[in-house]
Amino acid sequence: MKIATWNVNSIKVRLEAATAWLKEAKPDVVALQEIKCMDENFPAEAFEALGYNCAVHGQKTYNGVALLSKLPLEDVTPRLPSGDGDDHSRYLEAVVTGAKGTLRIASIYAPNGNPVGTEKFTYKLSWLERLGGHAKGLLKNEEPVALIGDYNIIPEDRDCYDPKAWLGDALFQPQSKAALRTIENLGYTDAFRARNQAAGQYTFWDYQAGAWRKNHGIRIDHILLSPQGLDRLKDCGIDKHVREGDKPSDHVPVWAELDL
DNA sequence: ATGCCGACAGGATGTCGA
């Protein structure tokens, strides 16, 4: 089973690029973020034509997450628990069953959190704390779980072109990195780092200042696997070439092959 | 020190992203 995550930065604008990538990469399950549309405006027909079932947790203008799956999507849950008053569409969970077993998978769009020192940053940290609480609960099932998406966190210096340039940014704050480590310390593993220790492996390049041309990127899109999920991990990679296409998203897909 | 670019809503330009 091949799973993938991609922050598309508007599914409306990215529909052509998305269908082209699906045809080429042939993932079984895809988590999308920043679809930036309401459920009724999600172009489900275009994906159904390629053999995908769709689950959508949309929002007008901002955020919005979705799951595409060639396998039936079961037990679809469109939010994190205990989100009193949080109306952002940033989490969508479902269960899929492959030939060798089930996978619980979530599409995650963690808050950006900039600027630091504002309620946006405290919202980011509290949202990640809620995610961690939910992630901990999921471990009790002792099943393969994949929490995949745009975490808006640069884990380490080797995950950005110029660490000094990101020191004041919410994506690189000690509290942000600690929030990710807290989830990892529960028992989740960064699938990419389980297969690749190289520096300079990015998933995002800003549209501005020639960031792509100069390879000024950051690695912020992550595939986190529960212990049982990690047991099934065969390979993990970044589809970097997608950043070169017509009307690209500023993020590229990250994928993992699981023995499921 | 800030904008750079791009998407969105709305119908100009401000907000947001990272």
Side-chain angles (χ1 to χ4, degrees), chain A residues 5-18 21 31-43 56-66 86-91 107-128 131 148-180 192 200-222 238 240 242-254:
Chain A
T5 176
W6 190 13
N7 180 325
V8 291
N9 186 17
S10 167
I11 195 58
K12 180 183 170 190
V13 174
R14 221 64 63 203
L15 186 55
E16 246 184 89
W21 170 73
L32 301 175
Q33 299 89 35
E34 282 209 89
I35 61 172
K36 295 186 175 180
C37 68
M38 297 199 283
D39 293 11
E40 58 268 35
N41 295 326
F42 187 79
V56 184
H57 183 35
Q59 184 180 331
K60 190 174 181 177
T61 310
Y62 304 118
N63 313 314
V65 288
D86 183 6
D87 56 356
H88 291 199
S89 298
R90 298 182 174 278
Y91 186 91
S107 181
I108 284 164
Y109 179 48
N112 172 302
N114 277 306
V116 175
T118 67
E119 70 287 343
K120 294 194 177 202
F121 188 60
T122 53
Y123 170 63
K124 175 186 187 125
L125 295 180
S126 65
W127 194 92
L128 289 166
L131 176 64
I148 75 179
D150 178 0
Y151 279 75
N152 268 318
I153 298 170
I154 303 167
E156 299 178 273
D157 284 6
R158 60 178 168 163
D159 297 312
C160 59
Y161 174 74
D162 180 7
K164 282 195 280 300
W166 291 91
L167 281 178
D169 197 283
L171 280 63
F172 203 49
Q173 291 308 293
Q175 300 101 308
S176 304
K177 299 183 216 175
L180 180 60
F192 183 78
Q201 305 297 297
Y202 308 133
T203 66
F204 169 92
W205 296 260
D206 201 297
Y207 289 118
Q208 303 180 73
W212 167 245
R213 182 172 48 81
K214 295 185 273 190
N215 196 27
H216 290 184
I218 51 179
R219 191 174 73 90
I220 56 175
D221 299 271
H222 306 303
I238 300 169
K240 181 177 180 180
V242 172
R243 190 64 176 77
E244 289 177 321
D246 288 337
K247 290 186 79 67
S249 170
D250 37 8
H251 297 250
V252 297
V254 183

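First the proteins, then the strands, lettered A, B, ... as listed; each starts at 1.
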[atom1] atoms of [N] and [M], separation to the nearest Å:
{"N": "B/dA1", "M": "B/dA12", "atom1": "C1'", "answer": "26 Å"}
{"N": "B/dG14", "M": "B/dC4", "atom1": "P", "answer": "12 Å"}
{"N": "B/dG10", "M": "B/dC16", "atom1": "P", "answer": "15 Å"}

Those residues that, when tested against A/Phe42, pass ring pair (Phe, Tyr, Trp, His ring centres under 6.0 Å) (two or more places apart): A/Phe47
For residues [X] and [Y], determine if any side-chain heavy atom of one lies less than 4.5 Å from a side-chain heavy atom of the other.
{"X": "A/Phe204", "Y": "A/Leu171", "answer": "no"}
{"X": "A/Phe192", "Y": "A/Thr203", "answer": "no"}
{"X": "A/Trp205", "Y": "A/Val252", "answer": "yes"}
{"X": "A/Val65", "Y": "A/Tyr91", "answer": "no"}
{"X": "A/Phe172", "Y": "A/Lys164", "answer": "no"}

By the 4.0 Å heavy-atom rule, please label [X] as base, sugar-phosphate, or nothing.
{"X": "A/Phe172", "answer": "nothing"}
{"X": "A/Asn63", "answer": "nothing"}
{"X": "A/Lys120", "answer": "sugar-phosphate"}
{"X": "A/Asp250", "answer": "nothing"}
{"X": "A/Asp169", "answer": "nothing"}

Mutual orientation of the aromatic rings belonging to A/His216 and A/Tyr161 [parallel < 30°, tilted 30-60°, perpendicular > 60°]: parallel
Least distance between heavy atoms, A/Ile35 atom then A/Leu32 atom: CG2-CB, 4.1 Å
Verdict with supporting geometry, A/Trp127 and A/His88, side chain to side chain contact (heavy atoms under 4.5 Å, CB included): CA-CA 10 Å; A/Trp127 194 92; A/His88 291 199; 5.9 Å; no
Nucleotides bounding contact with chain A, strand DNA chain B, heavy-atom threshold 4.0 Å: B/dC4 to B/dA18
Residues touching DNA chain B, which here means a heavy atom under 4.0 Å, drawn from residues 200-222 of chain A: A/Phe204, A/Asp206, A/Tyr207, A/Gln208, A/Ala209, A/Ile218, A/Ile220
5′-ward residue of the pair A/Arg14/A/Asn7 relative to DNA chain B: A/Arg14
First of A/Ser10 and A/Trp166 reached from the 5' end of DNA chain B, by closest nucleotide: A/Ser10
